[in-house]
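Counting from 1, the numbers follow the sequence of the chain as shown.
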Amino acid sequence: MLLLFWPGMIIGLLVSIILIFFPRSRENGNILLGFCLLTVCHCLLVSILYQSGDMVDFPHISRTGNLSAYLVAPLFYLFVRYLLYRGPLFRKWDLLILLPSFLNLVDFLPYYLLSGEEKSSIILAQQLGEDHFLFRESSFLPDRFHFYFRQIYLLGFLILSIRLLWINRNLIRRDKAKINRDINRYLWFMAVSMSISILPPFFRFINMVEAYTLGMQALTLAVTLIGSGIFLFFHPSLLYGFYWENESQEGIDYKNTIESSTVELFQLERENQELCQKLNQLIQEEKLFLKKGFSINDLSVASDIPVYKISPLSTLVFIPISINGSTSIELKNLNN
């Protein structure tokens, strides 16, 4: 299987570099996917070295896999969230995804500070084969803690990613751009391949069946990277990102000409009014204003209107009104 692992490693590294450094990678969110695949590459490298026994020759790479593994699913979740809801790449609380990696760094710091010869001795004594999953070198956490906690942590972010894809499935399917349908298929491929990487290890916890081996771990990682490379080869449009309807180039051209085009300005105002009317009707009929904590994302799902069409209307506010003695709300555009 090593013949499959190294091609996966090389392909994954190339795809990661392309996604990170391709122009506008920050604007379309591909930089998040690039770093996600880069962490997968590092995890695969560590698995390959342990699988082949060559980790003895590269001792300073040992026990570094979790530093990247803890970031794989969180970065994928941030990528999916950005594609669907736009907004900033990172929000203030998103930095919390670094905490498990930092915990692992502190827990294994005494081991990381050892010399290469000392690490090689420990690798030969207690890290090769299935003992790799025990993590006995932990300084203050119990054996196997990082193995099981890692899987539970990653599963949580994977569920969040699948939830975002599921609740927005109708909006994505209805979109006319073929590029979006292709990217949607790729996102589901990533979700499934990561599920195969994350779920089998729970067998070791549930009934202690040694079904999850280093070979299986490396194989699932290699499939994810090779699949990403194949998808990018046949769908290079991934580099330009996911766009709602005609949001991409058309949106850019529109912004460059809006000041000189009164026709387009009038059309935009009319669309805003139609949007307000539709949302008002939905809000009144469904009594959405009575739902505590009702957010713009909830409004997007309820109305089948993409978030990007609602969120830019920053001049829209909910104004209390009185109808037959009862209080309700109405959406108004303050520009009018």
Side-chain angles (χ1 to χ4, degrees), residues 1-20 29-48 50-51 65-66 68-84 97 133 147 150-166 168-169 172 180-204 211-239 241-242:
M1 287 193 296
L2 288 175
L3 295 177
L4 180 64
F5 297 162
W6 283 112
M9 180 72 193
I10 296 172
I11 292 174
L13 187 59
L14 290 175
V15 172
S16 300
I17 293 174
I18 293 174
L19 289 172
I20 292 173
N30 282 345
I31 191 171
L32 292 172
L33 179 60
F35 278 111
C36 174
L37 295 178
L38 195 61
T39 58
V40 176
C41 286
H42 179 238
C43 294
L44 178 57
L45 174 63
V46 173
S47 298
I48 291 174
Y50 275 120
Q51 170 78 4
N66 277 336
S68 294
Y70 277 125
L71 295 173
V72 174
L75 286 173
F76 179 69
Y77 165 75
L78 294 181
F79 175 63
V80 173
R81 186 187 69 182
Y82 179 81
L83 290 187
L84 298 177
I97 67 172
F133 297 114
F147 177 75
R150 179 189 69 194
Q151 304 308 126
I152 296 173
Y153 178 76
L154 296 181
L155 179 61
F157 275 97
L158 180 61
I159 292 174
L160 289 175
S161 302
I162 293 175
R163 177 180 176 273
L164 288 183
L165 292 172
W166 182 254
N168 289 280
R169 65 190 185 281
I172 297 174
N180 291 348
R181 294 194 295 272
D182 293 337
I183 294 178
N184 182 48
R185 294 189 188 100
Y186 171 71
L187 294 177
W188 279 107
F189 161 76
M190 284 286 291
V192 171
S193 62
M194 283 198 293
S195 298
I196 298 173
S197 301
I198 294 172
L199 293 177
F202 284 103
F203 289 115
R204 302 178 69 93
Y212 188 75
T213 64
L214 273 169
M216 178 182 290
Q217 176 176 276
L219 179 62
T220 56
L221 298 174
V223 168
T224 300
L225 294 173
I226 293 175
S228 298
I230 293 174
F231 181 87
L232 182 60
F233 179 80
F234 287 102
H235 304 279
S237 53
L238 171 64
L239 296 174
F242 183 100

Working note: L164 + L160, criterion side-chain contact (heavy atoms from CB on, under 4.5 Å); need CA distance, chi angles, decisive distance, verdict.
CA-CA 6 Å; L164 288 183; L160 289 175; 5.9 Å; no
The ring pair (Phe, Tyr, Trp, His ring centres under 6.0 Å) partners of F79 (sequence neighbours excluded) come to none
For the [atom1] atom of [X] and the [atom2] atom of [Y], what is their distance to the nearest 0.5 Å?
X: N30; Y: L83; atom1: CG; atom2: CG; answer: 7.5 Å
X: M190; Y: L158; atom1: CE; atom2: CG; answer: 10.0 Å
X: L154; Y: S195; atom1: CG; atom2: OG; answer: 11.0 Å
X: L4; Y: M9; atom1: CG; atom2: CE; answer: 13.5 Å
X: L221; Y: I48; atom1: CG; atom2: CD1; answer: 9.0 Å
X: N184; Y: N168; atom1: CG; atom2: CG; answer: 10.0 Å

Only counting residues at least two apart or in another chain, list the ones meeting side chain to side chain donor-acceptor pair (under 3.5 Å) with S193.
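Counting only residues at least two positions away or on another chain, S193 forms a side chain to side chain donor-acceptor pair (under 3.5 Å) with T224.
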With S47, which residues qualify under side chain to side chain donor-acceptor pair (under 3.5 Å), at least two apart?
Q217
Non-hydrogen atoms of [X] and [Y] that approach each other most closely:
X: G12; Y: S16; value: O-OG, 2.7 Å
X: F189; Y: V223; value: CZ-O, 3.7 Å
X: G8; Y: L44; value: C-CD2, 4.0 Å
X: Q151; Y: F147; value: CG-O, 3.1 Å

Note, [X] side chain near [Y] side chain (heavy atom, < 4.5 Å):
X: I11; Y: I230; answer: no
X: F5; Y: L225; answer: no
X: Y186; Y: L33; answer: yes

Carefully, step by step, assess I97 and L78 under the rule side-chain contact (heavy atoms from CB on, under 4.5 Å).
CA-CA 10 Å; I97 67 172; L78 294 181; 4.0 Å; yes
List the atom pairs, donor and acceptor, that lie under 3.5 Å between side-chain atoms in residues 68-76 and the rest of the protein, sequence neighbours left out.
unit_1, atom_1, unit_2, atom_2, d
S68, OG, H42, ND1, 2.7
Y70, OH, H146, ND1, 2.9

Set of side-chain contact (heavy atoms from CB on, under 4.5 Å) partners for L14, sequence neighbours left out
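For L14, the residues satisfying side-chain contact (heavy atoms from CB on, under 4.5 Å) (neighbours in sequence not counted) are I10.
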Steps toward side-chain contact (heavy atoms from CB on, under 4.5 Å) verdict (L19, I31):
CA-CA 6 Å; L19 289 172; I31 191 171; over 6 Å; no
With a sphere of 6.0 Å drawn around CZ of F157, does it hold more than 12 non-hydrogen atoms of other residues, nucleotides or ligands?
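Yes, CZ of F157 has more than 12 neighbouring heavy atoms, counting only those of other groups under 6.0 Å.
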Suppose the criterion is side chain to side chain donor-acceptor pair (under 3.5 Å): which pairs have a residue in residues 73-84, not counting sequence neighbours?
R81-D94
